[in-house]
Amino acid sequence: MTNEENHSMEEQELREILLVRREKLKELQEKGNNPFTIEQYIRTHMSKEILDNFENLEGKTASIAGRIVSKRGHGKAGFAHIQDMEGRFQIYVRQDQIGEESYKEYTTYDLGDIIGVEGEVFRTKKGEISLKAHSVVLLTKSLQPLPEKWHGLKDPDLRYRQRYVDLIVNPEVKDVFIKRTKIIRKVREFLDNQDYLEVETPILNTIAGGANAKPFITHHNTLDLDMYLRIANELFLKRLIVGGFDRVYEMGKMFRNEGMSYKHNPEYTAIEIYEAYTDYNRMIEITENLVEYVAKEVLGTTKINYDGVEIELKAPWKRVSMHDLVRDKTGIDFMAAKNNEEARALAKDLKQIENIDKLTKGEIINAAFEEFCEEDLIQPTFVLHHPVDVSPLAKRNPDNLEITNRFEAFIYGREIANGFSELNDPIDQKQRFLSQLKARELGDEEAHMMDEDFINALEIGLPPTGGLGIGIDRLIMFLTNSHSIRDVLLFPTMKPEIK
RNA sequence: GACUCAUUAGCUCAGCUGGUAGAGCACCUGACUCUUAAUCAGGGCGUCCAGGGUUCGAAUCCCUGAUGGGUCACCA
C-alpha cells in the first residue's frame, strides 16, 4: 500500500459516521427509492392532535410525519419517536404489518431522518399513545448525526450558529420563539385596539437621526451615495405627526454599530409610538399598560420571575425623579449647582465618573444616575425629568428649564423604555442640533447629525406630542426569563466561523 | 476594548506532577415482535483549536494567534 492510499483510507475511516449515511442513501437511490424526489406527504394529524383526541381516534387510521428522534429495535419489531412541530409521538413498526422488504429498509433509518407514517392509533401495554404502522416512508435522509440524545447540544456558539439543530434537540428553545411571536402580536394588538396606525419608515437613511449611536454605513451604487442603516425611526414618525397622523407606531429592526453583550445585538427590534395632543404622562401610562397587557395575555400573569427575582409588572409603576434618586443615593444636591463649574466641584469625589471636567452639569447628573442608581431599580420604575443636556429631542419642563419632561422605564436595573414630551419648538431644536454638531466635531461619533428637513417639518408645525420607544428584545427577555439577548434572537449576529 | 476561563471522537465530557488518547450516547455487526436513557454480545471512529518553543518524549509546560463563554467598560 502506498502512502497515498493509506492516507485516503484514513480519510475515509475518519468520516465513517458520515459515509455510512451517504452509502445508505446511495443504496436507496439505486433501488429507485430516492427520498429526495418525494414532493409531498399527506398527513392527517399533528402529533398533539392525536394525543389530545385519543378517545375519538383509538382504532382509527392516521398519518403523521416528522423527524426520527429516538429508535429502539427488537428484532422483527421496533419503536421510535418522531418529532413534528407540536411534539413527539411514538410509532410501533412490525415486520408482519409493513412487510419484510419495507421493514428491512426501516431498520436502516437513522436518527434525524424524516419519515411519514400511516397506521392505527392505539395505546401500548405501558400506556403510551402510539401509531401501529401500516406503512413507513422515508421523506428525507439526514446525512449528519444529531447531537447526543440526553445531553443534547450545549455549546452556546454552535447553538446560535446552527439554530436549526438547536431547535430540533432543545424543544424549550422553540417555546421561547413561539412566545416571542405572541408577545409581538400582543403589542400590536394593544395599539391597534386603540387606533394607532402602524407605519413603515425607511431603514436606509441619508441622515442617521433620532438617537445617540454609531450607525452602520452602506452604499447605494446608482446614486453613488453612502447611506446609514437607521439607528431609530423617531424623526420620521414625528414627521408623520406633522402630516396629520395623530397616532402612529412602528416596530422593527434598528441597527447600531456598537459593542455586543448579553443585552446588545447590532440589530435589534424596537417599537416607537407617537401620539399628538398628549404629553409624557400619557406615554408613561401606555408603557405600563402595554407591558401589563402583554404579560397577562401571553403569560396569564403580571408576576414574573427573572433570574430568581420576583417582579410585578402590574400598573401603575413607581415614579421617581432622576435628580431625587441621585441626591438620595449620593447625598449631593446637584440642582443647587448654578453652573457646570459648581457641578464639577460637587462631583469631584465621585471617582467612578470619568472625565468630570469635560461634562456639563446635566451630564454629571445623568452619569451619577447611571453609576449609582440604575442597578437598584429592580421593580418597574419610571425615572423622570432627565437633564436637557442629555435629551436633545425632549421638551423642557416649564417649571425648570434645565430638565425635560422625559422618562425612562427600568426593570431589573435595565432600561426598557424611553419617552418624552416631544420638543416641537423648531428654533430650540435647531440650537440643540447645533450643540450636538459641536460635540460631533469634538469627536463624539454618537452625537446627532443636523437634520434640516426635520427642522423644516417642525417649522410647518408639530402639535404637542408624546413619544415613546420600547426595547422589544429586552421585554421578551423578561417575559421568557432569558439571560442573553441571543436567546431571544433566532439568528443572533455572529462572527463568521474561520475554517 | 480589558481581564479571565475554555477549546480532546458526530454530541456530552474525563484525561493527575510530561511517558503510545478514554467513557457514555451516536454509528457498524449479531440476538431479540410492547420498548421508551430498551437490553445483551462484539467492533470501528481522533489535525487533542492553529503555529512556534522547551524536552529523549507534549493533549499536558511556555509563547503567539483564532474562536467561544463569563466579568467589566460604551451603547437600548
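Here is the naming used below: chain letters follow the sequence lines, and residue numbers restart at 1 for every chain.
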[X] [atom1] to [N] [atom2]: how many Å, rounded?
X: A:Tyr160; N: B:rG69; atom1: OH; atom2: C1'; answer: 10 Å
X: A:Glu258; N: B:rC74; atom1: CD; atom2: C1'; answer: 7 Å
X: A:Lys104; N: B:rC32; atom1: NZ; atom2: P; answer: 15 Å
X: A:Lys125; N: B:rA38; atom1: NZ; atom2: C1'; answer: 15 Å
X: A:Ile231; N: B:rC74; atom1: CD1; atom2: C1'; answer: 15 Å
X: A:Lys263; N: B:rA73; atom1: NZ; atom2: C1'; answer: 11 Å
X: A:Gln162; N: B:rG10; atom1: CD; atom2: P; answer: 13 Å
X: A:Glu375; N: B:rA73; atom1: CD; atom2: C1'; answer: 14 Å

Can you tell me the pairing partner of [N] across any strand shown, Watson-Crick or G-U wobble, with both distances under 3.5 angstrom?
N: B:rG30; result: B:rC40
N: B:rG24; result: B:rC11
N: B:rG18; result: none
N: B:rA59; result: none
N: B:rC72; result: B:rG1

Closest of B:rA26, B:rU33, B:rC74 to the A:His74 side chain is B:rU33
Per atom distances to the A:Arg161 side chain, the nearest of B:rG69, B:rC27, B:rG68 is B:rG68
OP1, OP2 of [N] versus side-chain N and O of [X]: anything below 4.0 Å?
X: A:Lys126; N: B:rC34; value: no
X: A:Arg72; N: B:rA38; value: yes
X: A:Lys24; N: B:rC28; value: yes
X: A:Arg21; N: B:rA26; value: no

Whole-angstrom distance between [N] and [M], as gauged at atom [atom1]:
N: B:rU17; M: B:rU60; atom1: P; result: 13 Å
N: B:rA9; M: B:rC48; atom1: P; result: 9 Å
N: B:rG44; M: B:rU12; atom1: P; result: 25 Å
N: B:rA21; M: B:rU47; atom1: C1'; result: 14 Å
N: B:rU36; M: B:rC25; atom1: P; result: 15 Å
N: B:rA14; M: B:rA2; atom1: C1'; result: 33 Å
N: B:rU8; M: B:rU67; atom1: C1'; result: 16 Å
N: B:rG24; M: B:rU39; atom1: P; result: 12 Å

Taking all non-hydrogen atoms of both residues into account, name the closest pair between [X] and [Y] and its distance.
X: A:Ala133; Y: A:Val117; answer: CB-CG1, 3.8 Å
X: A:Glu422; Y: A:Glu234; answer: OE1-OE2, 3.2 Å
X: A:Ile304; Y: A:Phe478; answer: CD1-O, 3.6 Å

Decide if atom [atom1] of [X] counts as having more than 12 heavy atoms of other residues, nucleotides or ligands within a radius under 6.0 Å.
X: A:Lys358; atom1: NZ; result: no
X: A:Glu200; atom1: CD; result: no
X: A:Gln144; atom1: CD; result: no

Regarding [X], tell me which of base, sugar-phosphate or nothing describes its non-hydrogen contacts under 4.0 Å with the strands shown.
X: A:Gln95; result: nothing
X: A:Arg159; result: nothing
X: A:Asp473; result: nothing
X: A:Gly469; result: nothing
X: A:Asn265; result: base

#### Entry: Polar pair under 3.5 Å, donor/acceptor by atom type, side chain A:Ser70, base B:rU36
no
With hydrogens left out and only the distance checked, is there a donor-acceptor pair under 3.5 Å joining A:Gln90's side chain and the base of B:rU35? yes
Main-chain N/O of A:Lys214 paired to A:Glu258 side chain as donor or acceptor, under 3.5 Å
yes
Closest to the 5' end of RNA chain B, once A:Gly73 and A:Asp110 are matched to their nearest nucleotides, is A:Asp110
- Item | Salt-bridge present (A:Glu275, A:Arg282; N to O < 4.0 Å) | yes
